[in-house]
Amino acid sequence: MLVLEPDKGILRKAGKKELYEAVYLLTMLIPIGKVTTYKSIAKILGIHPRTVGIVLKKNSKPIIVPCHRVISSNGSIGGYSWGGKNVKKKLLEIEGVRIIGEKVDPEYIIDIGEQLIS
DNA sequence: ATTTGCTCAGCTC
DNA sequence: GAGCTGAGCAAAT
């Protein structure tokens with residue numbers, strides 16, 4: 001069980017390595033067929049959404065870390081350095097996420113924080 | 001729908 | 001150390 005304190009910025013103090021591990025871990029917690037947002041992850045870790053994007057782009061293991069399940073907070077796809085957003089969209093559709101035009105159906109967007117309550 | 005300002009880790013010089 | 005580049009966000013236009 002992972003417990004993090006949102007408003008304390010604990011990972012900022014913990015160092016970059018911890019930061020990377022935490023982002024990857026949270027990303028891997030996203031259930032298949034659902035997506036979450038950069039903002040959601042950032043809020044939990046006490047960092048800025050931009051930083052989450054940086055970490056995922058730097059992602060050394062695109063296979064084991066399903067970074068395609070992380071999208072922008074407005075529902076649009078965001079970016080994907082592993083084949084472009086076309087591929088990202090297709091991956092999501094394969095997993096059962098409905099995509100309307102260039103945006104993900106809000107019905108499929110969850111707050112990753114809810115996944116930590118278990 | 002588009003523009004503007006804020007943000008910060010990483011890269012280059 | 002200074003400056004630019006992004007897988008973002010929110011508010012204003």
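Throughout, a chain's letter reflects where its sequence line sits, starting with A, and its residues are numbered from 1.
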Under 3.5 Å, is there any donor-acceptor pair linking the side chain of A:S81 to the base of C:dA7? yes
Rounded off to whole Å, could you give me the [atom1]-to-[atom2] distance for the [X] and [N] pair?
X	N	atom1	atom2	value
A:L19	B:dC8	CG	C1'	11 Å
A:L56	C:dG8	CG	P	10 Å
A:L26	C:dA7	CG	P	21 Å
A:I41	C:dC9	CD1	P	10 Å
A:E102	C:dA7	CD	P	17 Å
A:I54	B:dA9	CD1	C1'	4 Å
A:I77	C:dG8	CD1	P	12 Å
A:Y24	C:dA7	OH	P	14 Å

[X] side-chain N/O to [N] phosphate OP1/OP2 under 4.0 Å:
X	N	value
A:S73	C:dC9	yes
A:Y20	B:dG10	yes
A:S72	C:dA7	no
A:K58	C:dA7	no

Counterpart base for C:dG8, defined by Watson-Crick or G-U wobble contacts under 3.5 Å: B:dC6
Taking side chain to side chain contact (heavy atoms under 4.5 Å, CB included) as the criterion, tell me which of A:V97, A:I71, A:I99 meets it with A:Y108. A:V97
Tested for side chain to side chain contact (heavy atoms under 4.5 Å, CB included) against A:I77, the lone hit among A:H68, A:K103, A:K89 is A:K89
Closest approach to the side chain of A:Y80, judged atom by atom: which nucleotide of C:dG6, C:dA10, C:dA7 is it? C:dA7
Picking from C:dA7, B:dT7, C:dA10, which would you name as closest to the side chain of A:H48? B:dT7
I'd like to know if A:E93 pairs up with A:R98 as an ion pair, taking the criterion as any Lys NZ or Arg NE/NH1/NH2 lying under 4.0 Å from an Asp or Glu carboxylate oxygen. no
Intermediate values then yes/no, salt bridge (Lys or Arg N to Asp or Glu O under 4.0 Å), A:K34 and A:E95: CA-CA 8 Å; A:K34 301 278 184 177; A:E95 293 185 349; over 6 Å; no
Does A:I32 have more than 12 heavy atoms from other residues, nucleotides or ligands lying within 6.0 Å of its CD1? no
